[in-house]
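What follows is a short report on a single structure.
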Amino acid sequence: MWVLVLFDLPTDTKADRKRAGKFRKDLLNDGFGMFQFSIYTRFCASRENAQVHIKRVKSALPKHGKVAIFQITDKQFEMIEIFHSAKEVKTQPPSQQLELF
């Protein structure tokens, strides 16, 4: 399972930029990686694990701006076509997630 967080946050004032930066840092601290500037992704081993991280994202939502959270399967993520300067780029396989019980 992949969790994708897409956002468009206001950055007009210094306070807005600080809130947007904190939201990005919260995503990074929760194990998300930057896919594009305002798109962050995280691989989760199960739907239950994805729900834990979605709950964390929801608790960190800023007061203003738009945030969307997607859940897609590993197979769907694998079918993403990525291009950089009109050249296709291979998608990277998910990193190994170790779980301790």
Side-chain angles (χ1 to χ4, degrees):
M1 216 58 233
W2 284 87
V3 177
L4 287 78
V5 178
L6 296 75
F7 56 90
D8 186 14
L9 303 176
T11 56
D12 298 328
T13 66
K14 186 174 182 177
D16 286 340
R17 287 188 294 278
K18 186 173 182 176
R19 281 189 289 270
K22 182 183 180 320
F23 183 67
R24 280 192 287 278
K25 285 179 186 176
D26 289 343
L27 291 173
L28 292 170
N29 289 336
D30 192 31
F32 283 82
M34 187 169 68
F35 188 78
Q36 288 186 352
F37 186 68
S38 61
I39 301 174
Y40 284 70
T41 61
R42 186 183 202 293
F43 179 76
C44 296
S46 66
R47 284 190 188 275
E48 292 79 18
N49 183 248
Q51 289 303 317
V52 168
H53 294 286
I54 289 170
K55 187 176 179 180
R56 288 182 189 159
V57 171
K58 287 179 179 179
S59 71
L61 289 173
K63 289 184 180 182
H64 303 289
K66 294 181 182 179
V67 177
I69 303 171
F70 289 86
Q71 295 179 64
I72 63 173
T73 66
D74 197 34
K75 184 69 175 171
Q76 290 168 322
F77 189 82
E78 180 183 292
M79 293 187 309
I80 294 174
E81 294 183 68
I82 301 171
F83 297 88
H84 182 72
S85 301
K87 294 179 183 176
E88 189 168 6
V89 178
K90 299 286 183 189
T91 57
Q92 294 183 3
S95 59
Q96 285 290 347
Q97 295 285 326
L98 301 177
E99 291 188 26
L100 301 175
F101 298 95

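All residue numbers in this chain count up from 1 along the given sequence.
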With [X], which residues qualify under side-chain hydrogen bond (donor to acceptor under 3.5 Å, both in side chains), at least two apart?
{"X": "Gln76", "answer": "Thr73"}
{"X": "Glu48", "answer": "Ser46"}
{"X": "Thr13", "answer": "Asp16"}

Who else is in Leu28's hydrophobic cluster (ILVMFWY, side-chain heavy atoms under 4.5 Å, direct or via others)?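 Members besides Leu28, by chain and number: Val3, Val5, Phe7, Leu9, Phe23, Leu27, Phe32, Met34, Phe37, Tyr40, Ile54, Val57, Leu61, Val67, Ile69.
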
Under 4.5 Å side-chain heavy-atom separation, chaining through any Ile, Leu, Val, Met, Phe, Trp or Tyr, what else clusters with Phe83? Say none if it is isolated. none

Arg17, CZ atom: more than 12 neighbouring heavy atoms under 6.0 Å: yes

With rounding to the nearest 0.5 Å, note down the distance linking OG1 in Thr41 to CD1 in Ile80.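 Answer for the OG1-CD1 pair, Thr41 versus Ile80, is 8.5 Å.
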
Pair listing, side-chain hydrogen bond (donor to acceptor under 3.5 Å, both in side chains) test, anchored in residues 58-71, at least two apart: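 Every pair satisfying side-chain hydrogen bond (donor to acceptor under 3.5 Å, both in side chains) with a residue in residues 58-71: there are none.
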
Any pair with a residue in residues 20-31 that passes side-chain hydrogen bond (donor to acceptor under 3.5 Å, both in side chains), sequence neighbours left out, goes on the list, sorted by first then second residue, please.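 Counting only pairs at least two positions apart or across chains, the side-chain hydrogen bond (donor to acceptor under 3.5 Å, both in side chains) contacts touching residues 20-31 are Lys22-Asp26, Asp30-His53, Asp30-Arg56.
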
Which heavy atom in [X] sits nearest to a heavy atom in [Y], and how many Å separate them?
{"X": "Cys44", "Y": "Ala50", "answer": "SG-CA, 3.7 Å"}
{"X": "Gly31", "Y": "Arg42", "answer": "O-CG, 3.6 Å"}
{"X": "Pro10", "Y": "Ala20", "answer": "O-CB, 4.4 Å"}

Set of residues satisfying salt bridge (charged side-chain N to carboxylate O under 4.0 Å, His left out) with respect to Lys75, sequence neighbours excluded: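 Once residues adjacent in sequence are excluded, the partners of Lys75 under the salt bridge (charged side-chain N to carboxylate O under 4.0 Å, His left out) criterion are Glu78.
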
Between Phe35 and Ile82, is there a side-chain heavy-atom distance shorter than 4.5 Å?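 A side-chain contact under 4.5 Å exists here.
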
Treat each ILVMFWY residue as a node, draw an edge where side-chain heavy atoms are under 4.5 Å apart, and state whether Phe70 and Ile39 are in one component.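 Phe70 and Ile39: one cluster.
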
Once you measure the plane-to-plane angle for Phe77 and Trp2, does it fall in the parallel (<30°), tilted (30-60°) or perpendicular (>60°) bin? parallel

